[in-house]
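First the structure, in the form of structure tokens, and then the observations on it.
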Amino acid sequence: QVQLVESGGGLVQPGGSLRLSCAGSGNFFRLNVMGWYRQAPGKQRELVATITDGGSTNYHDSVKGRFTISRDNAKNTVILQMNSLAPEDTAVYYCYAAQSNFGYWGQGTQVTVSS
């Protein structure tokens, strides 16, 4: 199995920045895709950003230009740098990783953007 542990969530003012980190551990060959999803109260979980083991990235339109995803393949860690945060970014952020057709989820970390 694969375990994903997130860190870096918290409270930040609008326009501020946060950096989320997710470390994968366990029995796997390659985490082909790693990324972040988020879920706000009363809403469905949505894609934030993903990155492949080759470095290809994909961003939700609402975060493009504000968030940057990166990864350290040797450490099986994915980073989400979030800049210019707005209240609508408030959500629980979940780390995601996939190996072939198997997907894994972290427990989630709260991000709150408020004055």
Side-chain angles (χ1 to χ4, degrees):
Q1 66 258 42
V2 174
Q3 293 179 320
L4 303 174
V5 180
E6 306 105 328
S7 63
L11 175 65
V12 66
Q13 66 184 31
S17 298
L18 284 174
R19 188 171 107 141
L20 304 183
S21 178
C22 173
S25 64
N27 185 21
F28 54 85
F29 179 65
R30 290 284 193 277
L31 295 175
N32 304 108
V33 178
M34 298 189 74
W36 296 89
Y37 288 69
R38 66 187 181 187
Q39 187 166 21
K43 295 186 177 181
Q44 301 298 312
R45 190 171 298 186
E46 66 179 10
L47 169 77
V48 179
T50 59
I51 184 168
T52 70
D53 53 1
S56 297
T57 59
N58 183 47
Y59 296 92
H60 191 278
D61 286 342
S62 67
V63 308
K64 197 173 298 183
R66 300 189 297 123
F67 293 8
T68 301
I69 191 168
S70 61
R71 65 185 287 170
D72 185 334
N73 291 332
K75 296 181 178 180
N76 296 305
T77 299
V78 61
I79 302 295
L80 185 69
Q81 178 67 47
M82 304 185 293
N83 299 325
S84 302
L85 285 162
E88 49 264 39
D89 296 313
T90 296
V92 177
Y93 283 68
Y94 295 91
C95 182
Y96 171 80
Q99 180 183 23
S100 299
N101 290 326
F102 298 95
Y104 307 91
W105 294 97
Q107 190 167 327
T109 184
Q110 178 71 46
V111 171
T112 302
V113 185
S114 179
S115 298

Search all heavy atoms of [X] against all heavy atoms of [Y] and return the closest pair with its distance.
X: N73; Y: D53; result: ND2-O, 3.1 Å
X: V48; Y: V63; result: O-CG2, 3.6 Å
X: M34; Y: L4; result: CE-CD2, 4.4 Å
X: Y59; Y: I69; result: OH-N, 2.8 Å

Nearest 0.5 angstrom please: [X] [atom1] to [Y] [atom2], how far?
X: R66; Y: M82; atom1: CZ; atom2: CE; result: 9.5 Å
X: N76; Y: R30; atom1: CG; atom2: CZ; result: 9.0 Å
X: N32; Y: T50; atom1: CG; atom2: OG1; result: 12.0 Å
X: L80; Y: R19; atom1: CG; atom2: CZ; result: 10.5 Å
X: N58; Y: K64; atom1: CG; atom2: NZ; result: 7.0 Å

For L20 and V111: C-alpha separation, side-chain torsions, deciding distance, then whether side chain to side chain contact (heavy atoms under 4.5 Å, CB included) applies. CA-CA 9 Å; L20 304 183; V111 171; 4.1 Å; yes

For R71 and I51, indicate whether the former's side chain and the latter's backbone hold a donor-acceptor pair under 3.5 Å.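 Here the side-chain-to-backbone pair exists.
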
Check: T77 side chain, A23 main-chain N or O, donor-acceptor pair, under 3.5 Å: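 Side chain of T77 to backbone of A23: no pair is present.
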
Mind telling me whether Y37 and Y96 have parallel, tilted or perpendicular rings, with 30° and 60° as the class edges?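 Y96 vs Y37 ring planes: perpendicular.
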
Without placing hydrogens or testing angles, list every side-chain donor-acceptor pair under 3.5 Å for residues 6-17, not counting sequence neighbours.
unit_1: E6; atom_1: OE1; unit_2: Q107; atom_2: N; d: 3.2
unit_1: E6; atom_1: OE1; unit_2: G108; atom_2: N; d: 3.0
unit_1: E6; atom_1: OE2; unit_2: C95; atom_2: N; d: 2.9
unit_1: E6; atom_1: OE2; unit_2: Q107; atom_2: N; d: 3.4
unit_1: E6; atom_1: OE2; unit_2: G108; atom_2: N; d: 3.0
unit_1: S17; atom_1: OG; unit_2: N83; atom_2: OD1; d: 2.8

Any chance CD of Q3 has more than 12 other-residue heavy atoms, nucleotides or ligands included, within less than 6.0 Å?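 Check fails, neighbour count at 12 or below.
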
Considering residues, nucleotides and ligands other than E88, do more than 12 of their heavy atoms fall under 6.0 Å from its CD?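 More than 12 heavy atoms, drawn from other residues, nucleotides or ligands, come within 6.0 Å of this atom.
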
With a cut-off of 3.5 Å and sequence neighbours excluded, list every side-chain donor-acceptor pair involving residues 97-105.
none

Linked, directly or transitively: W36 and V5 (ILVMFWY side chains, under 4.5 Å):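 Looking at the clustering, V5 is in a separate group from W36.
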
